[in-house]
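This report refers to the structure that appears directly beneath it.
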Amino acid sequence: MSTPLGIAVIGAGMAGKSHAAGYRVAPALYDTKLPPLNYVTIADVNAPLAEATAARYGYQRYDTSWEAVVEASDVDVISIVVANALHRPILEAALASGKHVLCEKPLSDSLENARAMDQAAREASTLARLGFVYRRSPGLSAIRDFIADGTLGAPLHFSGRYWTDYGCNPRSPMSWRYKGPDGSGALADLGSHLAYVAEYLCGDVVAVSGGQLRTVIGERYLPAGAVVGHGLAELSDVTEPVENDDYAGFSVEFAAGTAGSIEVSRVAAGHANSLIVEVFCENGSAIWDQRTPSEIGLMLHEDRSATSGYRRILLGQDHPYVTGGLPMDAQCVGFGQNNLFEYQCRAFLDEIAGVADPLPICATLGEGVHNMEMLAAVVSSAASGGAAVRL
C-alpha cells in the first residue's frame, strides 16, 4: 500500500470548509486510486470554529496556530485559506518544512510578496499550487473546448461580471476584506477570478485600460465578537474607515488583438454570488452563469435566422469533469461551486501522488504572480484616469 498523505487546512471559514470537504470527497472522484489519506487537522485562530470544523469533516484534531500545522510531522499536504497578508509566511515555512501547499487566490497582498512566494516555490522540493477554482467549472471548460475545437472558433469579444452583495449593507461588520489599499478589495477578491477566467477562455491579457475603483460605503462598525464569512453580526459602537474598493471595472486587450470588459462589485444588492461570463466568437457565442452552473447557453451561426439565439445546453457525460467524477454523472443531475473545490483538491493530490492520467494540474504560483500583475495594472490605470497599462 502507498504511504499515506496527511492533510491539513489552515483557515476554517467558508473557503476553508470547502477545502476540508474537497479533500474528503477527492478519493471518491474517478476510478484512479489515490494513496490513503489521513485527515489530520484544521487550524484557525478562532478555536471553537476550528474544533467544530474538524469534527464536522472528520479531521483528527484542531489547532489554533498555523505554526503548529507547519511543524507537525504527520502533515504532508496543507491548504492555506486565510487572509491574503498571511499567505507568504505560511507558504514559505510550509515549503521549508517539506510540505506540499495549495494556496487560495489571490496569491498574496502585494506583488513583492507574490514574487517571493513564486521564487520559494521554484526552489522547493515539494509542490506549491494556487487555487484558480473556476478552471474546474464543467461549463467554462466546455466553452473552452468549443473554442479550441473550432465549434465556436476564435474569440472576438469577452464580457465578465462578478456581482456580489456581501458588502451592500452598511451594517455588515468590518473585517480584513475592507482593509488594505485600493485594488485589494472587490478587485482582488472577485476580479482575480475573472482575470484568470478571461485568460482561460481567450488567451493572455497584454494590456488593461479604463480602470475604475470606487468605495461607496466609507465606514463600517467593528464587530462585537468573532465573525465568520460574510454574514451580519453583533456590532460594537466603534467604526473604522473602509480602505479599499467596493466596485472595480476595466477593459482588457488580449494577445490575439481582441478585447473585453470586466466588472466586479461587492455592493450589488440582490446578487448574492453572480459570476456571469459571455464570450463572442467567430462562429457564435456562449454564456455561463454561476447561478445555473449545470448548463451553458450556446449560439451558433449555423442556426436559421428565424430560430437563432442561445440554446440551453445541459451539462453531462459529454462535457469536462463530469463522466466518472460524480456518483450520478448524467445530464440534469446538477453541481455547483462546492464541487469545483473537490475537483481542485483531487487534481492537487493527483499531481502529488503521480496518479496516471490526472486532471489538469492546478495553477502555478507564477500564474498567480501574473494574475496579480494584471490587477496591479488596473490600479495603475485607475490612478492615471483610465489610461492603458501594458503588462
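For clarity, every value in this text was computed on a predicted model and none was experimentally measured. Heavy-atom basis, side chains included; hydrogens, waters and symmetry copies ignored. For reference, positions follow the sequence shown, starting with 1.
For Tyr200, there are no ring pair (Phe, Tyr, Trp, His ring centres under 6.0 Å) partners at least two apart in sequence or on another chain. For His319, the ring pair (Phe, Tyr, Trp, His ring centres under 6.0 Å) test picks out no residue, with sequence neighbours left out. Qualifying salt bridge (charged side-chain N to carboxylate O under 4.0 Å, His left out) partners for Arg136, counting only residues two or more places apart in sequence or in other chains: none. Partners of Arg24 under the salt bridge (charged side-chain N to carboxylate O under 4.0 Å, His left out) rule, at least two apart in sequence or in another chain, do not exist in this structure. By the ring pair (Phe, Tyr, Trp, His ring centres under 6.0 Å) test, Tyr59 pairs with Tyr39, sequence neighbours left out. Every residue two or more places apart in sequence or in another chain was checked for a ring pair (Phe, Tyr, Trp, His ring centres under 6.0 Å) with Phe158, and none qualifies. Remark: Lys17 engages no residue in a salt bridge (charged side-chain N to carboxylate O under 4.0 Å, His left out) (not counting sequence neighbours). The salt bridge (charged side-chain N to carboxylate O under 4.0 Å, His left out) search around Glu243 returns Lys179, not counting sequence neighbours.
Listed here is the closest heavy atom pair of Gly366 and Asp118: N-OD1, 3.2 Å.
Applying the ring-ring contact (aromatic ring centres under 6.0 Å, His included) test to pairs two or more places apart or on separate chains, those with a residue in residues 234-273 are Trp163-His271. Sorted by first and then second residue, the side-chain hydrogen bond (donor to acceptor under 3.5 Å, both in side chains) pairs with a member in residues 151-162 read Tyr134-Tyr162, Asp149-Thr151, Ser159-Arg161, Tyr162-Asn273; sequence neighbours excluded.
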For Leu127 and Phe348, what are the C-alpha separation, side-chain angles and deciding distance, and is it a side-chain contact (heavy atoms from CB on, under 4.5 Å)? CA-CA 9 Å; Leu127 288 175; Phe348 187 48; 4.3 Å; yes
Begin from the C-alpha positions of Asn371 and Ser192 and carry the test side-chain hydrogen bond (donor to acceptor under 3.5 Å, both in side chains) through to its verdict. CA-CA 7 Å; Asn371 181 261; Ser192 56; 4.7 Å; no
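The structure places CZ of Arg88 at 9.5 Å from CG of Asp109, a figure rounded to the nearest 0.5 Å. Within the model, atoms CE of Met372 and CG of Leu365 stand 11.0 Å from one another, a figure rounded to the nearest 0.5 Å. Interatomic distance, CG of Leu130 versus CZ of Arg135, reported as 8.5 Å (0.5 Å rounding). Note that the NE2 atom of His87 and the CE atom of Met117 stand 7.0 Å from one another [nearest 0.5 Å]. Interatomic distance, CG of Asp246 versus OH of Tyr166, reported as 8.5 Å (0.5 Å rounding). Atoms CD and CE, on Glu199 and Met374 in that order, are 3.5 Å from each other to the nearest 0.5 Å.
No option in Leu190, Val264, Val267, Asp189 other than Leu190 meets the side-chain contact (heavy atoms from CB on, under 4.5 Å) test with Thr164.
Donor-acceptor pairing under 3.5 Å is recorded for the side chains of Ser79 and Tyr23.
Cluster partners of Tyr221 are Leu235, counting Ile, Leu, Val, Met, Phe, Trp and Tyr whose side-chain heavy atoms approach within less than 4.5 Å, directly or via other members. In the hydrophobic clustering, Val206 connects to no other residue, as no ILVMFWY side-chain heavy atoms lie under 4.5 Å from its own.
Salt-bridge check for Glu367 with Arg129: failed, with every basic side-chain N at 4.0 Å or more from each acidic carboxylate O.
Atom CD of Glu123 has more than 12 heavy atoms from other residues, nucleotides or ligands within 6.0 Å.
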